[in-house]
Amino acid sequence: MTHDDILTGELLDDARLTLDELAQACAAEPGWIIERVEAGYLCCMDAGHPQAWRFASAELVRARQLRSMERDFDANPELAALVVDLIEEVRGLRQQLSRARH
Amino acid sequence: MDFKDYYQTLGVAREASAEDIKKAFRKLARKYHPDVSKEPGAEARMKEINEANAVLSDPEKRALYDQMGSGHQPGQPFQPAQGWDSNFEFSGADAADNSDFFASLFGRAGGARRAGAYRMRGEDHHAKVDIDLQDAYQGASRTISLRRPRVNEHGQVVLDDHTLEVRIPKGVKEGQHIRLSGQGAPGEGGAPAGDLYLEIRFTPDARYRIDGRDVHEAVPVTPWEAALGGPIEAPTPSGPVTLTVPAGSQTGRKLRLKSRGIPGDPPGDLYVVLEVVLPPADNDTARRLYETMARDLHFDPRHTAGA
(Lines give C-alpha, C1' and ligand atoms only; values in the text may rest on other atoms or scores of the structure.)
Protein backbone atom coordinates (compact mmCIF):
# COMPACT_ATOMS: atom_id res chain seq x y z
CA MET A 1 0.00 0.00 0.00
CA THR A 2 1.43 3.36 -0.96
CA HIS A 3 0.25 6.76 0.07
CA ASP A 4 1.36 9.85 -1.75
CA ASP A 5 0.78 13.03 0.15
CA ILE A 6 2.33 16.44 -0.19
CA LEU A 7 2.79 17.72 3.28
CA THR A 8 3.62 21.13 4.57
CA GLY A 9 4.99 20.70 8.04
CA GLU A 10 5.18 23.20 10.84
CA LEU A 11 8.55 24.91 10.94
CA LEU A 12 9.61 24.93 14.56
CA ASP A 13 11.29 28.25 15.05
CA ASP A 14 12.79 29.48 18.28
CA ALA A 15 10.73 28.87 21.40
CA ARG A 16 8.07 26.68 19.87
CA LEU A 17 8.06 23.39 21.80
CA THR A 18 6.14 23.12 25.05
CA LEU A 19 7.39 21.08 27.98
CA ASP A 20 5.04 18.20 27.16
CA GLU A 21 5.95 18.26 23.46
CA LEU A 22 9.67 18.18 24.22
CA ALA A 23 9.19 15.33 26.71
CA GLN A 24 7.11 13.33 24.24
CA ALA A 25 9.64 13.92 21.46
CA CYS A 26 12.42 12.41 23.57
CA ALA A 27 10.26 9.65 25.03
CA ALA A 28 10.76 11.08 28.52
CA GLU A 29 8.53 12.24 31.36
CA PRO A 30 8.06 16.01 31.78
CA GLY A 31 9.70 15.65 35.23
CA TRP A 32 12.90 14.46 33.56
CA ILE A 33 13.00 17.65 31.45
CA ILE A 34 12.18 19.88 34.44
CA GLU A 35 15.07 18.46 36.48
CA ARG A 36 17.51 19.12 33.64
CA VAL A 37 16.28 22.65 33.05
CA GLU A 38 16.57 23.43 36.76
CA ALA A 39 20.11 22.03 36.79
CA GLY A 40 21.00 24.18 33.76
CA TYR A 41 21.59 21.31 31.30
CA LEU A 42 18.72 22.36 29.06
CA CYS A 43 17.64 25.90 28.27
CA CYS A 44 14.11 27.17 28.01
CA MET A 45 13.21 30.57 26.62
CA ASP A 46 10.91 31.86 29.36
CA ALA A 47 11.22 31.65 33.11
CA GLY A 48 8.16 31.05 35.26
CA HIS A 49 5.97 28.00 35.61
CA PRO A 50 7.13 24.90 33.68
CA GLN A 51 3.87 24.77 31.73
CA ALA A 52 4.76 28.22 30.32
CA TRP A 53 8.26 27.14 29.25
CA ARG A 54 9.06 27.15 25.53
CA PHE A 55 12.01 25.38 23.96
CA ALA A 56 13.94 26.20 20.79
CA SER A 57 14.01 23.34 18.35
CA ALA A 58 17.81 23.01 18.67
CA GLU A 59 17.17 22.07 22.31
CA LEU A 60 15.42 18.93 21.07
CA VAL A 61 18.70 17.60 19.65
CA ARG A 62 20.41 18.31 22.95
CA ALA A 63 17.65 16.73 25.03
CA ARG A 64 17.71 13.55 22.95
CA GLN A 65 21.49 13.33 23.28
CA LEU A 66 21.30 13.74 27.06
CA ARG A 67 18.64 11.05 27.16
CA SER A 68 20.70 8.61 25.13
CA MET A 69 23.87 9.22 27.19
CA GLU A 70 22.01 8.58 30.42
CA ARG A 71 20.26 5.50 29.05
CA ASP A 72 23.07 3.89 27.07
CA PHE A 73 25.88 4.45 29.55
CA ASP A 74 23.96 4.86 32.82
CA ALA A 75 25.67 8.26 32.88
CA ASN A 76 24.55 10.50 35.69
CA PRO A 77 22.96 13.75 34.45
CA GLU A 78 26.06 15.86 35.15
CA LEU A 79 28.31 13.56 33.15
CA ALA A 80 25.78 13.29 30.31
CA ALA A 81 25.62 17.10 30.14
CA LEU A 82 29.41 17.34 30.09
CA VAL A 83 29.61 14.86 27.20
CA VAL A 84 26.91 16.69 25.24
CA ASP A 85 28.70 20.03 25.83
CA LEU A 86 31.89 18.47 24.48
CA ILE A 87 30.08 17.03 21.44
CA GLU A 88 28.72 20.52 20.65
CA GLU A 89 32.20 22.00 21.12
CA VAL A 90 33.73 19.42 18.77
CA ARG A 91 31.08 20.10 16.13
CA GLY A 92 31.77 23.83 16.30
CA LEU A 93 35.54 23.27 16.03
CA ARG A 94 35.09 20.86 13.11
CA GLN A 95 33.06 23.52 11.30
CA GLN A 96 35.81 26.08 11.88
CA LEU A 97 38.42 23.57 10.76
CA SER A 98 36.65 22.78 7.51
CA ARG A 99 36.35 26.52 6.88
CA ALA A 100 40.04 27.06 7.63
CA ARG A 101 41.06 24.25 5.28
CA HIS A 102 39.30 25.97 2.44
CA MET B 1 13.26 -10.02 5.19
CA ASP B 2 16.46 -11.59 6.52
CA PHE B 3 17.09 -12.93 9.96
CA LYS B 4 19.39 -10.76 12.09
CA ASP B 5 21.72 -12.26 14.64
CA TYR B 6 21.68 -9.71 17.44
CA TYR B 7 24.21 -11.72 19.45
CA GLN B 8 26.64 -11.48 16.56
CA THR B 9 26.00 -7.72 16.23
CA LEU B 10 27.07 -7.20 19.84
CA GLY B 11 29.79 -9.88 19.66
CA VAL B 12 28.48 -11.91 22.60
CA ALA B 13 27.58 -15.58 23.08
CA ARG B 14 23.93 -16.68 23.17
CA GLU B 15 24.28 -17.53 26.85
CA ALA B 16 25.84 -14.13 27.71
CA SER B 17 24.65 -12.62 30.99
CA ALA B 18 22.77 -9.31 31.13
CA GLU B 19 25.94 -7.75 32.50
CA ASP B 20 28.03 -9.05 29.55
CA ILE B 21 25.50 -7.66 27.09
CA LYS B 22 25.54 -4.27 28.77
CA LYS B 23 29.35 -4.20 28.69
CA ALA B 24 29.53 -5.26 25.04
CA PHE B 25 26.92 -2.67 24.06
CA ARG B 26 28.71 0.16 25.85
CA LYS B 27 32.02 -0.73 24.32
CA LEU B 28 30.53 -0.68 20.82
CA ALA B 29 28.40 2.41 21.53
CA ARG B 30 31.58 4.26 22.46
CA LYS B 31 33.46 2.97 19.40
CA TYR B 32 30.73 3.79 16.87
CA HIS B 33 29.25 6.93 18.43
CA PRO B 34 28.59 9.04 15.30
CA ASP B 35 30.07 12.18 16.87
CA VAL B 36 33.44 10.68 17.70
CA SER B 37 33.90 7.64 15.50
CA LYS B 38 36.29 7.72 12.58
CA GLU B 39 35.09 4.30 11.40
CA PRO B 40 33.34 4.33 8.01
CA GLY B 41 29.57 3.80 8.24
CA ALA B 42 29.55 4.51 11.98
CA GLU B 43 26.02 5.91 11.93
CA ALA B 44 24.54 2.81 10.25
CA ARG B 45 26.50 0.52 12.54
CA MET B 46 25.28 2.44 15.59
CA LYS B 47 21.67 1.86 14.51
CA GLU B 48 22.27 -1.89 14.34
CA ILE B 49 23.96 -1.87 17.73
CA ASN B 50 21.09 0.10 19.28
CA GLU B 51 18.56 -2.28 17.81
CA ALA B 52 20.41 -5.39 19.02
CA ASN B 53 20.69 -3.84 22.46
CA ALA B 54 17.00 -2.88 22.55
CA VAL B 55 16.16 -6.57 22.18
CA LEU B 56 18.89 -8.29 24.17
CA SER B 57 18.84 -5.92 27.14
CA ASP B 58 15.10 -6.48 27.65
CA PRO B 59 14.40 -9.89 29.24
CA GLU B 60 10.94 -10.20 27.62
CA LYS B 61 12.16 -9.38 24.16
CA ARG B 62 15.29 -11.47 24.51
CA ALA B 63 13.23 -14.52 25.53
CA LEU B 64 10.97 -14.05 22.54
CA TYR B 65 13.87 -13.49 20.19
CA ASP B 66 15.60 -16.65 21.43
CA GLN B 67 12.41 -18.62 20.96
CA MET B 68 11.83 -17.25 17.44
CA GLY B 69 15.43 -17.29 16.38
CA SER B 70 16.49 -20.82 17.19
CA GLY B 71 17.47 -22.57 13.98
CA HIS B 72 17.89 -19.39 11.92
CA GLN B 73 21.14 -18.16 10.42
CA PRO B 74 21.92 -14.48 9.83
CA GLY B 75 20.82 -13.37 6.36
CA GLN B 76 18.34 -16.25 6.02
CA PRO B 77 14.82 -15.30 4.92
CA PHE B 78 12.60 -15.02 7.95
CA GLN B 79 8.87 -14.62 8.58
CA PRO B 80 7.38 -14.84 12.07
CA ALA B 81 4.54 -17.32 12.41
CA GLN B 82 0.98 -16.21 13.03
CA GLY B 83 0.07 -15.91 16.69
CA TRP B 84 3.68 -16.16 17.81
CA ASP B 85 3.38 -13.32 20.29
CA SER B 86 0.08 -14.15 21.96
CA ASN B 87 1.64 -14.69 25.36
CA PHE B 88 3.80 -11.63 25.42
CA GLU B 89 3.15 -8.09 26.38
CA PHE B 90 5.81 -5.56 25.67
CA SER B 91 6.43 -2.35 27.44
CA GLY B 92 8.88 0.43 27.90
CA ALA B 93 10.85 0.41 24.67
CA ASP B 94 11.47 3.66 22.88
CA ALA B 95 13.58 2.60 19.94
CA ALA B 96 12.56 4.37 16.75
CA ASP B 97 14.65 3.81 13.58
CA ASN B 98 14.60 0.02 13.81
CA SER B 99 14.90 -2.44 10.94
CA ASP B 100 12.07 -4.28 9.20
CA PHE B 101 13.16 -7.39 11.04
CA PHE B 102 12.75 -5.68 14.40
CA ALA B 103 9.41 -4.18 13.38
CA SER B 104 8.06 -7.54 12.28
CA LEU B 105 9.02 -9.10 15.59
CA PHE B 106 8.09 -6.35 17.97
CA GLY B 107 5.84 -4.16 15.85
CA ARG B 108 5.12 -0.46 16.13
CA ALA B 109 8.68 0.68 16.74
CA GLY B 110 8.94 -1.56 19.78
CA GLY B 111 6.23 0.29 21.63
CA ALA B 112 3.65 -1.13 24.00
CA ARG B 113 1.04 -3.46 22.57
CA ARG B 114 -1.87 -3.83 24.89
CA ALA B 115 -5.46 -4.90 24.42
CA GLY B 116 -8.67 -3.35 25.69
CA ALA B 117 -9.48 0.20 26.65
CA TYR B 118 -5.87 1.28 27.08
CA ARG B 119 -5.15 4.50 25.18
CA MET B 120 -1.70 5.76 24.42
CA ARG B 121 -0.55 8.42 22.00
CA GLY B 122 1.84 7.04 19.36
CA GLU B 123 5.55 7.65 19.69
CA ASP B 124 7.19 10.55 17.94
CA HIS B 125 9.62 9.60 15.21
CA HIS B 126 12.76 11.45 14.17
CA ALA B 127 14.57 11.70 10.85
CA LYS B 128 17.24 13.93 9.35
CA VAL B 129 16.88 15.70 6.03
CA ASP B 130 19.89 16.95 4.07
CA ILE B 131 19.39 20.06 1.96
CA ASP B 132 21.68 22.40 0.03
CA LEU B 133 22.19 25.96 1.20
CA GLN B 134 20.40 27.13 -1.97
CA ASP B 135 17.30 25.20 -0.82
CA ALA B 136 17.20 27.35 2.31
CA TYR B 137 17.19 30.45 0.08
CA GLN B 138 14.49 29.26 -2.30
CA GLY B 139 12.56 26.54 -0.49
CA ALA B 140 12.44 22.98 -1.81
CA SER B 141 10.58 19.72 -1.51
CA ARG B 142 11.96 16.36 -0.44
CA THR B 143 10.55 12.89 -0.76
CA ILE B 144 10.91 10.82 2.38
CA SER B 145 10.35 7.06 2.40
CA LEU B 146 9.16 5.40 5.56
CA ARG B 147 8.18 1.85 6.38
CA ARG B 148 5.46 1.58 8.91
CA PRO B 149 4.33 -1.59 10.73
CA ARG B 150 0.58 -2.26 10.74
CA VAL B 151 -1.43 -5.14 12.22
CA ASN B 152 -3.51 -6.75 9.46
CA GLU B 153 -6.85 -8.56 9.74
CA HIS B 154 -5.06 -11.82 10.68
CA GLY B 155 -3.27 -10.14 13.54
CA GLN B 156 0.06 -10.23 11.70
CA VAL B 157 2.38 -7.29 11.56
CA VAL B 158 2.96 -6.16 7.97
CA LEU B 159 4.99 -3.24 6.72
CA ASP B 160 3.44 -0.51 4.62
CA ASP B 161 5.59 1.61 2.36
CA HIS B 162 4.76 5.19 2.89
CA THR B 163 6.10 8.04 0.83
CA LEU B 164 5.82 11.58 2.06
CA GLU B 165 6.60 14.59 -0.01
CA VAL B 166 7.54 17.35 2.35
CA ARG B 167 7.92 21.02 1.59
CA ILE B 168 11.08 22.55 2.99
CA PRO B 169 10.14 26.18 3.56
CA LYS B 170 12.37 29.04 2.50
CA GLY B 171 14.46 30.39 5.37
CA VAL B 172 15.17 27.17 7.30
CA LYS B 173 18.31 27.12 9.42
CA GLU B 174 20.64 24.25 10.16
CA GLY B 175 19.40 22.24 13.13
CA GLN B 176 15.85 23.57 12.85
CA HIS B 177 13.00 21.05 12.92
CA ILE B 178 9.91 20.60 10.82
CA ARG B 179 7.09 18.89 12.65
CA LEU B 180 4.62 16.76 10.70
CA SER B 181 1.66 16.16 12.97
CA GLY B 182 0.30 12.64 13.08
CA GLN B 183 3.08 11.16 10.92
CA GLY B 184 4.80 9.31 13.80
CA ALA B 185 3.81 5.91 15.21
CA PRO B 186 0.07 5.10 15.35
CA GLY B 187 -1.63 5.51 18.73
CA GLU B 188 -3.09 2.68 20.81
CA GLY B 189 -6.80 2.21 21.45
CA GLY B 190 -7.89 5.14 19.31
CA ALA B 191 -5.38 7.61 20.74
CA PRO B 192 -3.77 10.01 18.25
CA ALA B 193 -0.63 9.12 16.30
CA GLY B 194 2.74 10.61 17.25
CA ASP B 195 4.49 13.31 15.23
CA LEU B 196 7.39 13.06 12.83
CA TYR B 197 10.23 15.49 13.48
CA LEU B 198 12.57 16.27 10.60
CA GLU B 199 15.89 17.81 11.54
CA ILE B 200 17.37 20.02 8.82
CA ARG B 201 21.03 19.52 7.95
CA PHE B 202 22.95 21.37 5.27
CA THR B 203 25.05 19.33 2.86
CA PRO B 204 28.65 20.40 3.55
CA ASP B 205 29.92 22.87 0.94
CA ALA B 206 33.52 24.08 1.26
CA ARG B 207 32.60 27.47 -0.20
CA TYR B 208 30.27 28.40 2.64
CA ARG B 209 30.30 28.63 6.38
CA ILE B 210 26.89 29.09 7.92
CA ASP B 211 26.20 30.67 11.27
CA GLY B 212 22.46 30.80 12.03
CA ARG B 213 21.12 32.82 9.08
CA ASP B 214 24.48 34.50 8.34
CA VAL B 215 26.52 32.99 5.54
CA HIS B 216 30.27 33.42 5.06
CA GLU B 217 31.55 32.85 1.56
CA ALA B 218 35.16 32.82 0.37
CA VAL B 219 35.54 34.67 -2.95
CA PRO B 220 38.85 34.52 -4.84
CA VAL B 221 40.21 37.81 -6.28
CA THR B 222 43.27 38.69 -8.34
CA PRO B 223 46.10 40.73 -6.76
CA TRP B 224 45.22 43.77 -8.95
CA GLU B 225 41.52 43.60 -8.01
CA ALA B 226 42.54 43.54 -4.34
CA ALA B 227 45.20 46.27 -4.69
CA LEU B 228 43.39 48.67 -7.02
CA GLY B 229 39.82 47.95 -5.95
CA GLY B 230 36.80 48.11 -8.21
CA PRO B 231 33.68 46.18 -9.10
CA ILE B 232 33.80 42.38 -9.37
CA GLU B 233 31.10 39.84 -10.07
CA ALA B 234 30.83 37.21 -7.34
CA PRO B 235 28.66 34.08 -7.24
CA THR B 236 26.43 33.92 -4.15
CA PRO B 237 23.78 31.41 -3.01
CA SER B 238 21.05 33.75 -4.31
CA GLY B 239 22.76 34.33 -7.67
CA PRO B 240 25.66 36.43 -8.96
CA VAL B 241 26.07 39.94 -7.52
CA THR B 242 28.35 42.83 -8.41
CA LEU B 243 30.25 44.15 -5.45
CA THR B 244 32.92 46.78 -5.02
CA VAL B 245 36.25 45.67 -3.65
CA PRO B 246 37.87 48.53 -1.69
CA ALA B 247 41.36 49.46 -2.90
CA GLY B 248 44.16 48.07 -0.74
CA SER B 249 42.29 44.88 0.26
CA GLN B 250 44.14 41.82 1.53
CA THR B 251 43.17 38.17 1.93
CA GLY B 252 40.69 37.83 4.76
CA ARG B 253 38.95 41.18 4.21
CA LYS B 254 35.24 40.79 4.87
CA LEU B 255 32.56 42.60 2.89
CA ARG B 256 29.09 42.50 4.39
CA LEU B 257 26.13 42.24 2.05
CA LYS B 258 23.18 43.10 4.23
CA SER B 259 20.14 40.79 4.09
CA ARG B 260 21.77 38.50 1.52
CA GLY B 261 22.07 35.62 4.00
CA ILE B 262 19.35 33.04 4.57
CA PRO B 263 15.92 34.72 4.19
CA GLY B 264 13.85 35.24 7.33
CA ASP B 265 12.63 37.87 9.71
CA PRO B 266 15.18 39.31 10.09
CA PRO B 267 17.14 37.85 7.17
CA GLY B 268 20.78 36.93 7.68
CA ASP B 269 23.73 38.75 6.14
CA LEU B 270 26.19 37.44 3.58
CA TYR B 271 29.87 37.99 4.40
CA VAL B 272 32.14 37.79 1.39
CA VAL B 273 35.65 36.93 2.52
CA LEU B 274 38.27 37.97 -0.06
CA GLU B 275 40.99 35.52 -0.89
CA VAL B 276 43.84 36.91 -3.02
CA VAL B 277 45.05 34.29 -5.51
CA LEU B 278 48.40 34.81 -7.24
CA PRO B 279 48.69 34.06 -10.96
CA PRO B 280 51.30 31.33 -11.56
CA ALA B 281 54.64 32.46 -13.01
CA ASP B 282 54.52 29.76 -15.64
CA ASN B 283 55.29 31.78 -18.78
CA ASP B 284 57.70 34.50 -19.85
CA THR B 285 55.18 37.35 -19.61
CA ALA B 286 54.16 36.43 -16.07
CA ARG B 287 57.76 35.96 -14.99
CA ARG B 288 58.72 39.34 -16.49
CA LEU B 289 55.89 41.07 -14.63
CA TYR B 290 56.93 39.50 -11.32
CA GLU B 291 60.55 40.51 -11.98
CA THR B 292 59.45 44.09 -12.71
CA MET B 293 57.51 44.18 -9.44
CA ALA B 294 60.43 42.73 -7.54
CA ARG B 295 62.73 45.39 -8.96
CA ASP B 296 60.44 48.44 -8.76
CA LEU B 297 58.22 47.91 -5.71
CA HIS B 298 60.79 47.54 -2.90
CA PHE B 299 58.22 45.47 -1.00
CA ASP B 300 59.29 43.24 1.89
CA PRO B 301 56.29 41.83 3.79
CA ARG B 302 58.59 40.43 6.49
CA HIS B 303 60.03 43.85 7.10
CA THR B 304 56.55 45.44 7.09
CA ALA B 305 55.35 42.82 9.55
CA GLY B 306 58.23 43.74 11.84
CA ALA B 307 59.83 40.30 11.55
Side-chain angles (χ1 to χ4, degrees), chain A residues 1-18 20-29 32 55-65 67-75 80 83-102, chain B residues 22 25-26 29-30 33 35-36 49-50 53 93-96 111 121 123-126 141 143-144 148 150 158 160-169 171-181 183-184 194-200 204 206-211 216 218 264-265 273 275:
Chain A
M1 190 165 65
T2 301
H3 304 275
D4 284 309
D5 307 317
I6 298 183
L7 295 170
T8 303
E10 180 190 1
L11 185 62
L12 299 176
D13 214 330
D14 298 337
R16 290 301 298 273
L17 289 169
T18 65
D20 290 338
E21 286 170 337
L22 181 65
Q24 160 90 16
C26 358
E29 294 297 317
W32 183 88
F55 296 88
S57 89
E59 227 35 34
L60 172 56
V61 175
R62 197 176 153 85
R64 293 183 72 224
Q65 283 177 329
R67 185 94 180 132
S68 108
M69 283 296 151
E70 291 184 25
R71 186 191 55 211
D72 296 348
F73 296 98
D74 284 343
V83 170
V84 173
D85 285 345
L86 290 173
I87 287 174
E88 286 176 359
E89 181 83 17
V90 167
R91 280 189 190 152
L93 291 171
R94 278 188 188 151
Q95 260 187 1
Q96 282 186 28
L97 186 65
S98 71
R99 176 76 191 91
R101 272 185 187 147
H102 174 66
Chain B
K22 193 192 254 187
F25 166 71
R26 287 188 182 168
R30 203 188 81 72
H33 194 285
D35 287 299
V36 292
I49 294 163
N50 273 328
N53 183 60
D94 64 342
R121 184 176 179 270
E123 280 177 38
D124 290 347
H125 284 179
H126 298 263
S141 71
T143 303
I144 293 166
R148 202 171 272 172
R150 174 176 62 90
V158 293
D160 287 342
D161 285 322
H162 198 82
T163 310
L164 300 178
E165 193 172 345
V166 180
R167 278 186 232 285
I168 310 289
V172 287
K173 294 185 284 187
E174 173 123 60
Q176 213 170 1
H177 290 77
I178 294 171
R179 177 167 55 193
L180 298 169
S181 292
Q183 297 295 334
D195 298 337
L196 172 64
Y197 285 86
L198 301 176
E199 182 186 341
I200 299 293
R207 285 172 298 173
Y208 305 114
R209 183 168 66 80
I210 300 153
D211 181 11
H216 299 250
D265 186 21
V273 186
E275 201 176 81

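Convention: sequence-line order gives letters A, B, ...; per-chain numbering from 1.
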Taking side chain as C-beta onward, heavy atoms only, is Glu21(A) less than 4.5 Å from Arg179(B)?
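Yes, close enough: below the 4.5 Å cut-off.
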So do Arg16(A) and Gln176(B) actually touch side chain to side chain, heavy atoms under 4.5 Å?
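No. Closest side-chain heavy atoms not under 4.5 Å.
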Short question: side chain of His126(B), backbone of Cys26(A) - any donor-acceptor pair under 3.5 Å?
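Answer holds: no.
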How long is the gap from OG on Ser68(A) to NE2 on His33(B), to the nearest 0.5 Å?
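So the OG of Ser68(A) and the NE2 of His33(B) are separated by 5.5 Å.
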Rounded distance (nearest 0.5 Å) linking atom CZ of Arg71(A) with atom CG of Asn50(B):
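Here the rounded value is 6.5 Å.
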What heavy-atom pair brings Ser57(A) and Gly175(B) nearest, and what distance separates the two atoms?
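Reported closest heavy-atom pair: OG-O, 3.7 Å.
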If I measure from the heavy atoms of chain A, does Ile210(B) come under 4.5 Å with its side chain, its backbone, both, or neither?
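Only the backbone of Ile210(B) comes within 4.5 Å of chain A.
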Using a cut-off of under 4.5 Å on heavy-atom pairs, state which of Glu199(B), Lys22(B), Glu174(B), Arg26(B) scores highest against chain A.
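Most heavy-atom pairs within the cutoff with chain A belong to Arg26(B).
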